Number of protein chains: 2
Amino acid sequence: MAARDYGQFGGVTRAVELVGERWALLIVRDLLVGPRRYGELAAGLPRIPTNILATRLKELQEAGVIRRAPRSRIIVYELTPYGRELEPVVLALGAWGFKALDDPREEQVITPDSFTMDLRSAFRPEVARALSSTGYRARLDTPHQGGADLLIRVDGAKLDVSRGDAEVDLLFATGPGIHRLISGELAPERAIATGVVAVLSGRHELLERFATTFHIAA
Amino acid sequence: MAARDYGQFGGVTRAVELVGERWALLIVRDLLVGPRRYGELAAGLPRIPTNILATRLKELQEAGVIRRAPRSRIIVYELTPYGRELEPVVLALGAWGFKALDDPREEQVITPDSFTMDLRSAFRPEVARALSSTGYRARLDTPHQGGADLLIRVDGAKLDVSRGDAEVDLLFATGPGIHRLISGELAPERAIATGVVAVLSGRHELLERFATTFHIAA
DNA sequence: CCGCATCCCATGTGATACTG
DNA sequence: CAGTATCACATGGGATGCGG
């Protein structure tokens, strides 16, 4: 049942046989952020039917992309080394798709893992290197996702995004509209003025640095 | 009907909504080689049902990935500039999938366009730069695909693959088994000895240069 | 609870036939 | 040649069940 084949023999064909099924690449995307439990994956993919999630996890294991790893009592899913090689693909695909984002519909949510990968896609190391190290904390207004903030640490050309609540230079709350800040359609001060971004602590001007550091032109 | 949505708002999600449907990325792959007529696409995707091809072409147009272009009487499909931005994604995905190729099944074919993209994925410009310019011609034993050979010209760090029958340094016939040459599992002389590659004209040793120029480690 | 498995129905897909 | 129409079937979506 798994890899429905295309009758062709080639790299792209093989790839879509392995990770081309519906939802598969989104599972990979979330696992690129870190190992996840079944329930965490389900929470990060709010609309996936549980049977599909179970099926995909099995298929991806057979494909050698992910594996089940016992973590002292509980089971987590994680990428294999081969699966992790999809990172540049997913980042490039995410950057491409980001440019086609239009205004979010009401039912669309931003999950922490999807936003994390978007930030990685949008990160400009060469720009960041020229700026001083900065810590951001983003509060996504996603009611059901557990209120953990995203900790975004930019240190030279290095980016680290994780969950946490450390002290940062700029703490802000935002939602789907932030993509217009990253695309450059919305200037930082406008983003604040229109409520797309709400600065909770820190200097407002740092949002400009954020928009410079993370950018994908439309 | 088109973009079945995932209820999420992010780059990867948007991308798979646009090009994640079955067959879509293979159509994009073939169009990355060049504009194609409806019938050419159908020939290059032997197992695609015609209604699916028609549906995907419409969806990809709506998505802004491809467009119909009238070429003096006949109509061809071609990538939009935005669609062409998928090239690095498809190349990276192809390189990734190439590593997972196992022995080809009997019914699997290599199409000229898929092989062209595999070569582009496997091309190592930095290696090629150090070698002298070389022209190869590959004859794929794909009965139904029209016998046109693939003309592979390597000039410094530049690669050009096209159909044609110019004079070249090495002319060889091959089939699916060639992936083991590119992956390094099969040494050039073994490829010739076992019949995976049949040299029709030119010096046999040039196949070694080919295998060095085009390489994706398993 | 978490991690799935089952069931049912709507929809997408695939093979073939057919038409402008 | 370039698609559309039709219909059987496989798959996905959503709710629900269930064992550890």
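A note on names: the letters A, B, ... follow the listed sequences, proteins ahead of strands, and every chain is numbered from 1. Computed from a predicted model, the values in this text were never measured in an experiment.
Aromatic ring orientation, B:Y82 versus A:W96: parallel (interplanar angle below 30°, classes split at 30° and 60°).
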- [ ] Quick one: the dot-bracket string of DNA chain C, using Watson-Crick and G-U wobble pairs with both distances under 3.5 Å, [ ] for crossing pairs and | for bases paired to another strand.
- [x] |||||||||||||||||||.
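Distance CD (B:Q61) to P (D:dA2): 14 Å, rounded to an integer number of Å. Rounding to whole angstrom units, CD1 of residue A:I52 and C1' of C:dG12 are separated by 13 Å. A straight line from CD of A:E59 to P of C:dC4 spans 14 Å, rounded to a whole angstrom. Whole-Å rounding puts the B:E107 CD to C:dG14 C1' distance at 16 Å. The distance between atom CD1 of A:I48 and atom P of D:dG14, rounded to the nearest whole Å, is 11 Å. C:dC1 atom P lies 17 Å from atom CD1 of A:I74, rounded to whole Å. Atom pair A:D5:CG and D:dA10:P shows a separation of 16 Å (rounding to whole Å applied). As rounded to whole Å, 17 Å separates atom C1' of D:dT16 from atom CG of A:L53.
Applying the 6.0 Å contact sphere to CZ of B:R67 captures more than 12 heavy atoms from other residues, nucleotides or ligands.
Regarding contacts with the backbone of D:dG13, a side-chain N or O of A:R22 is found under 4.0 angstrom from either OP1 or OP2. OP1 or OP2 of D:dA2 has at least one side-chain nitrogen or oxygen of B:R37 nearer than 4.0 Å. Close to C:dT13, at under 4.0 Å from its OP1 or OP2, lies a side-chain N or O of B:R56. Between A:R36 and C:dC2, a side-chain N or O to OP1/OP2 separation shorter than 4.0 Å is absent. Between B:W23 and C:dT13 there is no side-chain polar atom (N or O) within less than 4.0 angstrom of OP1 or OP2.
In this structure, OG in A:S201 is found 7.0 Å from CD in A:E167, a value given to the nearest 0.5 Å. Distance CG/B:L86 to CD1/B:I66: 11.5 Å, rounded to 0.5 Å.
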Open item on the list: Would A:R14 and A:E17 count as a salt bridge (Lys or Arg N to Asp or Glu O under 4.0 Å) here? Give the steps.
Closed with: CA-CA 5 Å; A:R14 188 82 185 109; A:E17 283 174 359; 3.1 Å; yes
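For A:V199, the side-chain contact (heavy atoms from CB on, under 4.5 Å) test picks out A:L170, A:I192, A:H204, with sequence neighbours left out. In this structure, B:Y38 has no ring pair (Phe, Tyr, Trp, His ring centres under 6.0 Å) partners at least two apart in sequence or on a different chain. Listed by chain and number, the residues in a ring pair (Phe, Tyr, Trp, His ring centres under 6.0 Å) with A:Y6 are B:W23 (sequence neighbours excluded).
Using a 4.0 Å heavy-atom cutoff across all strands shown, B:Y6 reaches no nucleic acid atom at all. Within 4.0 Å of A:R73, counting heavy atoms only, lies no atom of the nucleic acid at all.
Among residue pairs with one or both ends in residues 38-48 of chain B, those qualifying as salt bridge (charged side-chain N to carboxylate O under 4.0 Å, His left out) are A:D5-B:R47; sequence neighbours excluded.
Toward the 5′ end of DNA chain C lies the nearest nucleotide of A:E40, the other residue of the pair B:P49 and A:E40 mapping further downstream.
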Using the 3.5 Å cut-off, write out each protein N or O paired with an N or O of nucleotides 5-10 of chain C and the distance between them.
{"from": "C:dA5", "atom 1": "OP2", "to": "A:K58", "atom 2": "NZ", "distance (Å)": "3.1"}
{"from": "C:dA5", "atom 1": "N6", "to": "A:T50", "atom 2": "OG1", "distance (Å)": "2.6"}

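For A:Y77, whose side chain is taken as the heavy atoms from C-beta onward, the closest listed nucleotide among C:dG12, C:dG14, C:dC4 is C:dC4.
At distances below 3.5 Å, not a single donor-acceptor pair connects side-chain atoms of B:D149 with backbone N or O atoms of B:D165.
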